[in-house]
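See structure below.
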Amino acid sequence: MSYPKRLRLTYKTLNKNAKKYWRQRYSIFSKYDEGILMNQELWFSVTPEAIAIFIAKYLRSYYITDGYKTIEDDDFTIIDVFCGGGGNTIQLAKRFRNVIAIDSNKDNLFCCEHNCSVYGLNEHVQFMKDDWVTTNKQYFIDESVDTIFASPPWGGPGYKNSEIFDLNYLQPLPLKELLESFFQITYNVCLFLPRNSDVSQISTITRELLGEESKCKILYTSSNGLLKGMFVMFGCYASNPN
Ligand code: MGP
């Protein structure tokens with residue numbers, strides 16, 4: 001099967017600002033040579049594999065007890081809201097039986113499904129082309145979604161231009177509104193955010209949305225010894241595992 005050139009980029013055809021990611025290709029997808037597809041945007045936005053593995057293992061290690069399902073129940077359902085090229089979806093699908101991968105961009109979703117199949121994992125994943133802002137949240141409430149994972153667009157590599165990243169510039173919604181939309185479905189929310197995200201903003205928003213005493217948990221994550229992003233957790237993930 002042949003795929004469009006825009007999804008089979010090479011060092012030569014990558015945009016100037018994305019060329020530096022070419023040498024990171026095996027840290028993005030260890031199976032890169034087995035036919036991974038990415039468009040220009042995905043080259044700089046897919047979570048490096050080591051971090052995606054860490055996040056998925058971390059979520060897997062949690063138990064929700066006291067009358068709730070355990071995370072190991074077969075019907076545990078997790079959504080990857082902005083699935084992009086599938087870096088996170090793949091690692092979640094390795095560890096959870098029901099993964100819903102959502103993206104509003106048709107090329108991203110195509111790459112995600114294709115890349116999941118490269119890893120032999122697309123059977124565990126329901127792929128949905130949908131825009132999170134307008135999607136019918138009731139569907140996910142009815143599906144009893146247990147956890148939401150999201151690595152939203154940070155607005156491209158320019159996120160590093162300011163010392164502190166203002167989370168009002170997250171796309172498609174500022175952090176507060178994004179979290180409000182997630183909390184309609186579940187409080188068990190995990191985000192992958194820029195490493196220079198404004199931590200005091202996260203703290204203020206957490207208290208505004210969940211109450212003065214509420215907490216979230218933040219872990220800085222690196223790949224090959226280099227800091228790449230911030231893993232921010234709410235709900236059951238903000239407390240210690242049992
Ligand atoms: P980076 O900071 O652009 O690269 O992206 P690098 O090599 O750390 O930059 P350097 O100049 O500091 O050396 C690092 C990682 O951040 C990427 O691999 C993605 O996982 C993530 N990332 C970067 N961007 C611009 C985005 C984005 O817009 N959305 C999401 N979800 N992740 C991103």
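Computed from heavy atoms alone, side chains included, the values below leave out hydrogens, waters and symmetry copies. As the structure lists them, so they are numbered: ligands from 1, and atoms in each ligand from 1.
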### Task
If you have a sec, work out which protein heavy atom is nearest atom 13 (O) of ligand 1 and how many Å separate them, to one decimal?
Lys20 NZ, 3.8 Å

### Message
I'd like to know whether CD of Glu163 has more than 12 heavy-atom contacts from other residues, nucleotides or ligands below 6.0 angstrom.
### Response
no

### Message
Please classify the Ser151 to ligand 1 contact at 4.0 Å (heavy-atom distances, strictly less than): side chain, backbone, both or neither.
### Response
both

### Message
So, 4.0 Å and heavy atoms of Gly229: is ligand 1 close enough to count as a contact?
### Response
no

### Sub-3.5 Å N/O-N/O distance, Pro152 and ligand 1
yes

### Query
For the residue pair Tyr119 and Phe29, does the interplanar ring angle fall in the parallel (under 30°), tilted (30 to 60°) or perpendicular (over 60°) class?
tilted

### Task
May I ask you to decide if the ring planes of Tyr32 and Trp22 are parallel, tilted or perpendicular, using 30° and 60° as cut-offs?
perpendicular

### Query
In the protein, what heavy atom is nearest to atom 20 (O) of ligand 1, and what distance, to one decimal place, separates them?
Val46 O, 2.9 Å

### Query
Should Asp80 and Ile102 count as side-chain neighbours, where that means a heavy-atom distance under 4.5 Å?
no

### Check: Phe234 ring centre within less than 6.0 Å of Phe183 ring centre
yes

### Pairwise distance CG(Leu37) to CZ(Arg6) - rounded to 0.5 angstrom
10.5 Å

### Task
Would you indicate which of Phe82, Tyr21, Phe192, Phe44 comes nearest to atom 23 (C) of ligand 1 when only heavy atoms are counted?
Phe44

### Task
Classify the angle between the aromatic ring planes of Tyr58 and Phe231 as parallel (below 30°), tilted (30 to 60°) or perpendicular (above 60°).
perpendicular

### Message
Under 4.0 Å from a heavy atom of Gly156: which atoms of ligand 1 are those, numbered in the order shown and with their elements?
### Response
25 (C), 28 (O)

### Message
Within the structure, is a non-hydrogen atom of Gln171 found at a distance of less than 4.0 Å from ligand 1?
### Response
no

### Query
Looking only at protein heavy atoms, which one is nearest to atom 2 (O) of ligand 1, and how far off is it?
Tyr159 OH, 2.4 Å

### Task
Measure up the Phe140 and Trp132 rings against each other and bin them: parallel (under 30°), tilted (30 to 60°), perpendicular (over 60°).
tilted

### Query
Nearest to atom 14 (C) of ligand 1, what protein heavy atom do you find, and at what distance?
Lys228 CD, 3.8 Å

### Task
Answer yes or no: are there more than 12 heavy-atom neighbours, outside Lys160 itself, under 6.0 Å from its atom NZ?
yes

### Message
At under 4.0 Å between heavy atoms, is it the side chain or the backbone of Leu226 that contacts ligand 1, or both, or neither?
### Response
neither

### Message
Once you measure the plane-to-plane angle for Trp154 and Phe192, does it fall in the parallel (<30°), tilted (30-60°) or perpendicular (>60°) bin?
### Response
tilted

### Query
What protein heavy atom sits nearest atom 28 (O) of ligand 1, and how far off is it?
Trp154 N, 2.9 Å

### Task
Would you mind running through ligand 1 and noting each atom that sits below 4.0 Å from a heavy atom of Thr47?
20 (O)

### Query
Given Arg23, Glu49, Arg195, which one has a non-hydrogen atom that is nearest to atom 12 (O) of ligand 1?
Arg195

### Task
Number the atoms of ligand 1 from 1 as they appear, then name those within less than 4.0 Å of a heavy atom of Pro157, with their elements.
25 (C)

